[in-house]
Amino acid sequence: MTGVVEQESLFLTDLGRRVRHARTVRGLSRKVLSQTSGLSERYIAQLEGGQGNVSIILLRRVANAMGVRLDDLITGNDAQPDWPLIRDLLGQASPAQVAAAKQALSGGSRPEAGDRPRVALIGLRGAGKSTLGKLAAERLGWTFVELNAEIERENALSVQEIFAIYGQEGYRRLEQQALRRLTEHPGPLILATSGGIVAEPLTFDLLLQAFYTIWLRARPEEHMSRVREQGHLATTGDHASAMQELRAVLASREPLYARAPATVDTSNIPVQTMLDRLTAAIEARFGHAVSPVA
């Protein structure tokens, strides 16, 4: 029985870690998650601390006793009877086979970045995506688009209104729809994205495939300073707590941001130097294609 208890404790610890990571990578505080889920902050803290509701353990015991996976019981895939087989095959597949499967499942018609002059900027809020993106577009004579502004234009609602009406899931759905339409833009184009776009696998994969993606990287202190200067955070309050949360978000997203083929460091340098580095990265990729357009 001791072994079973240890396994259950490990399961709850892993579950809590996954919940905490999913929350952090989306930039949600426990308070916000509490408000949107209807669960108390205390319960969420207990769940993330490996002290989840006992019903989870009971359900896991049922799944183990039947020899089925817990996620099959929770999510249900009756409409896709072959899903368990596909999932298991993908788990054993080589990277090349996974890439081929992705291509097939996307319909084989997903736009590729190729030599088309389309650039997407990713990074935390305060990285300089909008500021540098606009300046680089002006220097190169390209079109500049801010994804959030495009979402607002297409839906005649502000981002705040979209979140209030449709929630996080609804916003991400509209974000993917707007991005998909932008993949049809022939270029030249520089796109500034939201910091959390990397948390949505399908949307982020579409971005990486259709745009030359550049991570604008900065130290946490730089992010915090710039966000405060932009007026997005109060100048008073628990600075230490805010910094701790920002560091957690950055740490959870760094492996995702690092999937971008290029990185431009914007820490502790003048805006002009940041701009020079960004345009140099674009020129290194597209060469003659970056000449200003009439």
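As the structure is a computational prediction, the values presented were derived from the model and not from experiment.
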Test log, rule side chain to side chain contact (heavy atoms under 4.5 Å, CB included), inputs I282 and Y212: CA-CA 9 Å; I282 296 173; Y212 181 61; 5.7 Å; no

R172 with E175: basic N within carboxylate O range, under 4.0 Å: yes

Whether H223 side chain and R125 backbone form a donor-acceptor pair below 3.5 Å: yes

Side chain to side chain donor-acceptor pair (under 3.5 Å) involving D265 - partner list, sequence neighbours excluded: S267

Student check: side-chain heavy atoms of T273 and P270 closer than 4.5 Å: yes

Under 3.5 Å donor-acceptor pairs involving side-chain atoms of residues 157-166, not counting sequence neighbours:
residue	atom	partner	partner atom	Å
S158	OG	E161	N	3.1
S158	OG	E161	OE1	3.4
E161	OE1	S158	N	2.9

A101 versus L90, closest heavy-atom pair with distance: CB-CD2, 4.0 Å

Listed partners of S252 passing side chain to side chain donor-acceptor pair (under 3.5 Å), at least two apart: none

Salt bridge (charged side-chain N to carboxylate O under 4.0 Å, His left out) evaluation trace for R173 with E200: CA-CA 10 Å; R173 183 178 66 254; E200 303 304 316; over 6 Å; no

Residue pairs fulfilling ring-ring contact (aromatic ring centres under 6.0 Å, His included) with at least one residue in residues 253-274, sequence neighbours excluded: W215-Y257

Pairing residues for T263 by the side chain to side chain donor-acceptor pair (under 3.5 Å) criterion, not counting sequence neighbours: none

Set of side chain to side chain contact (heavy atoms under 4.5 Å, CB included) partners for A93, sequence neighbours left out: Q97, V98

Transitive ILVMFWY side-chain link L12 to L10, under 4.5 Å: no

Shortest non-hydrogen contact between I122 and A260, atoms and distance: CD1-CB, 4.0 Å

Pairs satisfying side chain to side chain donor-acceptor pair (under 3.5 Å), at least one member in residues 20-35, at least two apart: R23-E48, R30-E48

Side chain to side chain contact (heavy atoms under 4.5 Å, CB included) between V25 and V249, worked out: CA-CA 6 Å; V25 77; V249 172; over 6 Å; no

Approximate separation, where rounding is to 0.5 Å, of L256 CG and F204 CZ: 6.0 Å

Gap between atom CD1 of I269 and atom CG of D276 - 0.5 Å precision: 9.0 Å

Heavy-atom side-chain contact between P117 and L189 under 4.5 Å: no

All side chain to side chain contact (heavy atoms under 4.5 Å, CB included) counterparts of Q51, not counting sequence neighbours: Q46

Working for side chain to side chain contact (heavy atoms under 4.5 Å, CB included), residues L182 and V145: CA-CA 9 Å; L182 285 170; V145 175; 4.2 Å; yes

By side chain to side chain contact (heavy atoms under 4.5 Å, CB included) - contacts of S40 (at least two apart): R42, Y43

Donor-acceptor contact present, side-chain S225 to main-chain E221, <3.5 Å: no

By salt bridge (Lys or Arg N to Asp or Glu O under 4.0 Å) - contacts of R181 (at least two apart): E154

K134 NZ to K129 NZ distance, which is reported to the nearest 0.5 Å: 16.0 Å

Nearest-0.5 Å distance, CG of residue N148 to CZ of residue R153: 13.5 Å

Check: I44 and E41 side chains under 4.5 Å, non-hydrogen atoms: no

Sub-4.5 Å side-chain heavy-atom contact between V271 and L135: yes

Heavy-atom check, side chain of L275 versus side chain of Q272, under 4.5 Å: yes

Contacts of Q92 that satisfy side chain to side chain contact (heavy atoms under 4.5 Å, CB included) - sequence neighbours left out: none

Path from M243 to L124 over hydrophobic side-chain contacts below 4.5 Å: yes

Approximate separation, where rounding is to 0.5 Å, of L132 CG and M274 CE: 6.5 Å

Flag side-chain contact, heavy atom, 4.5 Å: L147 against I197: yes

Reported CG-to-CZ distance for the pair L250 and R219, which is rounded to 0.5 angstrom: 11.5 Å

With N155 via side chain to side chain donor-acceptor pair (under 3.5 Å) - residues at least two apart: none

Side chains of F211 and L206 in contact at under 4.5 Å (non-hydrogen atoms): no

Sub-4.5 Å side-chain heavy-atom contact between L121 and L191: no

Heavy-atom pair of closest approach, residues A127 and T266: O-OG1, 3.5 Å

Evaluation steps, side chain to side chain contact (heavy atoms under 4.5 Å, CB included), between L33 and Q168: CA-CA 10 Å; L33 181 56; Q168 175 93 205; over 6 Å; no

